[in-house]
Amino acid sequence: MDKFVSQTETSLKKKKRRWSTKGRQLEDNYLEEVSKLFGKTDFKRDELIEYLHVLQDNFGVLYDKHLVALSTLINIPFSEIYEVATFYAHFNIVKDNKTFNPIKVVRVCESLTCELLGAQRLLKDIKSLENKNIKVVPGPCMGRCQVAPTVCVGKNYVDNANLDSVKKIIDEKDFEPVIPNYIDLKKYKNEGGYIIAKKIKDGEITKEEVLKSLNESGLKGKGGAGFPTGKKWEIVSSYKGKKFVAVNGDEGEPGTFKDRTYLESDPHRFLEGALIASYIINANKVYIYMRDEYPAVIKILNDEIKKLEEEKLIEKNYLIIRRGAGAYICGEESAMIESIEGKRGLPRHRPPYVAEVGLFGCPTLTNNLETLFWVRDIIEKGSEWFAGQGIDGKKGFHSFSVSGRVKDPGVKVAPAGITIQKLIDDFCGGMADGHKFKGYLPGGASGGILPASMNNIPLDYGSKELSDAGCFLGSAAIVVLSDKDSMKDVALNLLKFFEEESCGQCTPCRSGTEKTVKLMKEKKWNKEKLADLSEVMSQASICGLGQAATNPLNSVLKYFENEITYE
């Protein structure tokens with residue numbers, strides 16, 4: 001026995017010793033850096049994504065040692081922080097740079113409209129500006145399609161960008177967002193703002209009157225699903241106990257920029273609509289989920305909400321801004337709620353629906369930002385005012401985000417039921433010089449593609465003609481295409497977007513988008529395999545991303561087959 005113990009001791013001595021514990025170790029200097037930055041002790045789990053934003057805003061990127069320090073401060077496992085940070089495209093994790101020079105990230109939009117106008121060539125040119133403090137990367141749609149191509153330098157956006165204009169911003173170190181002129185609280189109140197909200201809060205306008213007005217107006221959700229707004233409010237208001245309003249401002253659909261346009265010009269019209277919604281359902285708080293790509297909007301909202309608090313129009317922390325971090329999937333309502341709670345934006349299985357079990361497990365009213373923007377006007381002017389805006393039996397109007405090959409792109413408020421031809425001719429000044437109308441996206445990246453020959457289809461939710469064509473209106477993002485554009489390349493651009501933005505939770509979408517893109521990159525397409533993939537994705541994916549991802553592909557196969565060579 002003694003001999004066995006002696007041999008064991010000898011072998012242990014020979015064994016290589018580990019002089020430090022496993023894993024990433026906390027270092028005092030990093031902890032001090034992060035502690036000073038936050039300067040508080042009341043950390044909350046659901047604010048994790050905002051803490052990551054604060055770190056990146058200060059240092060330019062997320063250094064892994066800072067994440068270790070954050071893990072210690074907020075008492076969340078490092079693995080959990082890491083999985084959240086790596087889920088979102090806008091978080092850049094790097095190994096420690098001991099100099100801590102802030103790194104500025106330059107993002108070149110490569111979504112469809114920007115691609116049509118030379119984004120790939122621009123990305124290659126701007127790569128020449130990279131150095132140890134400047135990092136150049138491609139990025140998905142930035143919500144500025146009417147001024148494509150777009151480049152984001154830090155938080156400053158360069159519209160109609162070229163190499164010289166981007167270099168000028170970098171040289172001048174002009175990295176902060178440009179704040180446009182907008183209607184502030186004082187001007188908004190002078191024009192009758194918050195009178196309707198106060199009357200509802202005080203009971204001068206009843207809940208029943210508001211719901212009746214919304215139902216008769218025909219207002220539907222402007223985020224893409226087109227669900228009747230009044231009906232949704234009725235459903236959520238029927239639940240008891242703690243409730244929330246969660247506003248979807250994650251306008252990530254390529255081609256869409258209407259929400260940004262409204263917030264950069266008249267933010268309080270939206271904020272009043274959000275307050276009205278909260279009063280009707282008796283919500284405890286309102287969470288506004290806003291794209292990180294909209295730094296000017298975020299500053300405007302923070303500044304104006306602070307004014308509302310100072311004037312005692314709302315309680316402190318009643319309206320809460322939560323920043324997204326570059327994840328298109330968070331436009332899906334349950335994924336948005338997961339993100340607001342500080343998690344990865346993974347869509348939930350349903351039922352239960354978020355109206356019943358939503359934010360923090362409570363009944364939650366989710367509305368698109370533009371939906372709430374029109375609520376005050378409908379109540380103030382009457383349901384007939386809104387309902388009467390449509391044509392051919394349609395109710396209301398749409399804020400069409402029009403980009404691509406037209407002379408005058410932008411947000412066009414036009415009647416529900418208008419056709420693409422009238423939209424181009426009457427609202428956009430016609431086609432751009434030298435371009436002949438060839439096709440269009442009626443509803444953003446997932447809404448399909450139609451040929452110019454189908455230029456008389458009514459654009460509205462529930463349009464039978466649109467549905468029969470295999471398309472839908474979605475968020476009313478219209479991208480106009482011309483004879484200079486390859487429909488095969490257009491479809492590939494859109495499928496690459498879905499491949500990049502898939503959350504990866506379900507196999508049909510995660511693998512399906514990857515395999516579809518791979519097949520579409522071939523000179524000759526395998527029609528049978530592409531059809532099989534499309535069928536599986538549309539039938540088996542958890543959420544709308546995977547279910548609609550191959551709509552552009554299916555449209556090209558159906559309407560532009562002459563541009564395709566098959567195996």
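Just so you know, these numbers use all the heavy atoms, side chains as well, and skip hydrogens, waters and symmetry mates.
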Heavy-atom check, side chain of Lys258 versus side chain of Lys222, under 4.5 Å | yes
Quick one: which of Thr113, Val406, Leu441 gives a side-chain contact (heavy atoms from CB on, under 4.5 Å) with Val480?
-> Val406
Evaluate whether atom CG of Asn181 has more than 12 neighbouring non-hydrogen atoms of other residues, nucleotides or ligands under 6.0 angstrom away.
-> no
Would you say Leu481 and Tyr440 make side-chain contact, with heavy atoms under 4.5 Å?
-> no
State whether the side chain of Gln56 and the backbone N or O of His90 hold a donor-acceptor pair below 3.5 Å, judged by distance alone.
-> yes
With sequence neighbours excluded, give me every ring-ring contact (aromatic ring centres under 6.0 Å, His included) pair touching residues 445-492.
-> His398-Tyr461
Flag the pair Asp303 and Lys299 as a salt bridge only when some basic side-chain nitrogen lies within less than 4.0 angstrom of an acidic carboxylate oxygen.
-> yes
For Tyr194, enumerate each residue passing the ring-ring contact (aromatic ring centres under 6.0 Å, His included) test, keeping only those at least two apart in sequence or located in another chain.
-> Tyr188, His268
In Å and rounded to the nearest 0.5 Å, what is the CG to CG distance from Leu495 to Leu533?
-> 10.0 Å
Evaluate whether atom NZ of Lys127 has more than 12 neighbouring non-hydrogen atoms of other residues, nucleotides or ligands under 6.0 angstrom away.
-> yes
Decide salt bridge (Lys or Arg N to Asp or Glu O under 4.0 Å) for Glu251 and Arg260; before the verdict, give the C-alpha distance in whole Å, the side-chain angles of both, and the deciding distance to 0.1 Å.
-> CA-CA 8 Å; Glu251 189 176 40; Arg260 176 186 61 79; 5.8 Å; no
If you round to the nearest 0.5 Å, how far is CD1 of Ile314 from CG of Leu271?
-> 8.0 Å
Checking Ser467 side chain against Ser463 main chain: does a donor-acceptor pair fall under 3.5 Å?
-> no
What is the distance from atom CD of Glu370 to atom CG of Leu263, rounded to the nearest 0.5 Å?
-> 10.5 Å
Distance col, row Asn554:CG vs Leu530:CG, nearest 0.5 angstrom, shows 9.0 Å
Please indicate whether Gln421 has more than 12 foreign heavy atoms, meaning atoms of other residues, nucleotides or ligands, lying under 6.0 Å from its CD.
-> yes
Note, Ser339 side chain near Tyr88 side chain (heavy atom, < 4.5 Å) = yes
First locate atom CE of Met336, then atom CG of Asp250, and finally report the distance between them rounded to the nearest 0.5 Å.
-> 9.0 Å
Any donor-acceptor pair under 3.5 Å from Glu110 side chain to Pro138 backbone = no
Would you say the side chain of Asn156 lies within less than 4.5 Å of the side chain of Pro177, judging by non-hydrogen atoms?
-> no
Going through the checks in order, is the side-chain contact (heavy atoms from CB on, under 4.5 Å) test met by Asn248 and Glu332?
-> CA-CA 9 Å; Asn248 194 337; Glu332 195 276 337; over 6 Å; no
Shortest non-hydrogen separation from Lys438 to Asp485 and the atoms involved | NZ-O, 2.7 Å
Which is it for Val411 and Phe400 under the side-chain contact (heavy atoms from CB on, under 4.5 Å) test, yes or no, and what are the steps along the way?
-> CA-CA 5 Å; Val411 175; Phe400 293 97; over 6 Å; no
Excluding sequence neighbours, so at least two apart, what forms ring-ring contact (aromatic ring centres under 6.0 Å, His included) with Phe497?
-> Tyr328
Would Val245 and Asn367 count as a side-chain contact (heavy atoms from CB on, under 4.5 Å) if you check the C-alpha gap in whole Å, the side-chain angles of each, and the deciding distance to 0.1 Å?
-> CA-CA 8 Å; Val245 173; Asn367 271 140; 5.8 Å; no
Sequence neighbours excluded - salt bridge (charged side-chain N to carboxylate O under 4.0 Å, His left out) pairs with any residue from residues 452-481 | Lys464-Asp468
Would you indicate whether the side-chain heavy atoms of Asn455 and Thr419 approach each other to under 4.5 Å?
-> no
Evaluate the salt bridge (Lys or Arg N to Asp or Glu O under 4.0 Å) criterion for residues Asp259 and Arg291: first the C-alpha distance (whole Å), next the side-chain angles of each, then the deciding distance (0.1 Å), finally the verdict.
-> CA-CA 10 Å; Asp259 295 348; Arg291 296 191 78 191; over 6 Å; no
Lys422, NZ: over 12 other non-hydrogen atoms inside 6.0 angstrom = no
Could you walk me through whether Glu514 and Lys518 pass salt bridge (Lys or Arg N to Asp or Glu O under 4.0 Å), step by step?
-> CA-CA 6 Å; Glu514 178 190 1; Lys518 186 176 180 180; over 6 Å; no
Contact check, side chains of Leu450 and Pro442, non-hydrogen atoms, under 4.5 Å = yes
Salt bridge flag under 4.0 Å for residues Glu499 and Lys496 = no
Mind checking the SG-CZ spacing from Cys503 to Phe87? Nearest 0.5 Å is all I need.
-> 5.5 Å
Considering only heavy atoms from C-beta outward, does the side chain of Pro228 approach that of Trp233 to under 4.5 Å?
-> no
Determine yes or no for a side-chain-to-main-chain donor-acceptor pair under 3.5 angstrom, with Gln120 supplying the side chain and Glu115 the backbone.
-> no
Run the numbers on Tyr157 and Arg144 for side-chain contact (heavy atoms from CB on, under 4.5 Å), then give the verdict.
-> CA-CA 9 Å; Tyr157 285 83; Arg144 309 182 77 85; 3.6 Å; yes
Is there a donor-acceptor pair closer than 3.5 Å between any side-chain N or O of Ser502 and the backbone N or O of Phe498?
-> no
Quick one: do Lys167 and Asp164 make a salt bridge, cutoff under 4.0 Å?
-> no
Which heavy atom of Pro295 sits nearest a heavy atom of Lys155, and at what distance?
-> CG-O, 3.4 Å
Check whether any side-chain N or O of Asn551 sits under 3.5 Å from a backbone N or O of Ser446 as a donor-acceptor pair, and report yes or no.
-> yes
Main-chain N/O of Tyr262 paired with Asp266 side-chain donor or acceptor, under 3.5 Å = no
Residues which pass ring-ring contact (aromatic ring centres under 6.0 Å, His included) with Phe270, listed by chain and number, not counting sequence neighbours = none
For the student: nearest non-hydrogen atoms of Ala296 and Val178, plus distance | CB-O, 3.6 Å
Pair Thr256-Ser475, side-chain donor/acceptor within less than 3.5 Å | yes
Going by the side-chain contact (heavy atoms from CB on, under 4.5 Å) test, name the single residue among Ile169, Asp174, Ile170, Thr150 that passes it with Val158.
-> Ile169
Salt bridge between Glu293 and Arg323, side-chain N to carboxylate O under 4.0 Å?
-> no
Would a 4.5 Å heavy-atom cut-off, applied to side chains only, mark Ile329 and Pro347 as touching?
-> yes
Name every donor-acceptor pair, under 3.5 Å, that has one atom in a side chain of residues 383-397 and the other anywhere in the protein, sequence neighbours excluded.
from	atom 1	to	atom 2	distance (Å)
Ser383	OG	Glu216	OE1	3.4
Gln389	NE2	Trp385	O	3.1
Lys395	NZ	Glu216	O	3.3

Please walk me through it: do Lys187 and Asp184 pass salt bridge (Lys or Arg N to Asp or Glu O under 4.0 Å)?
-> CA-CA 6 Å; Lys187 185 174 181 182; Asp184 62 7; over 6 Å; no
NZ (Lys186) with more than 12 external heavy atoms under 6.0 Å = no
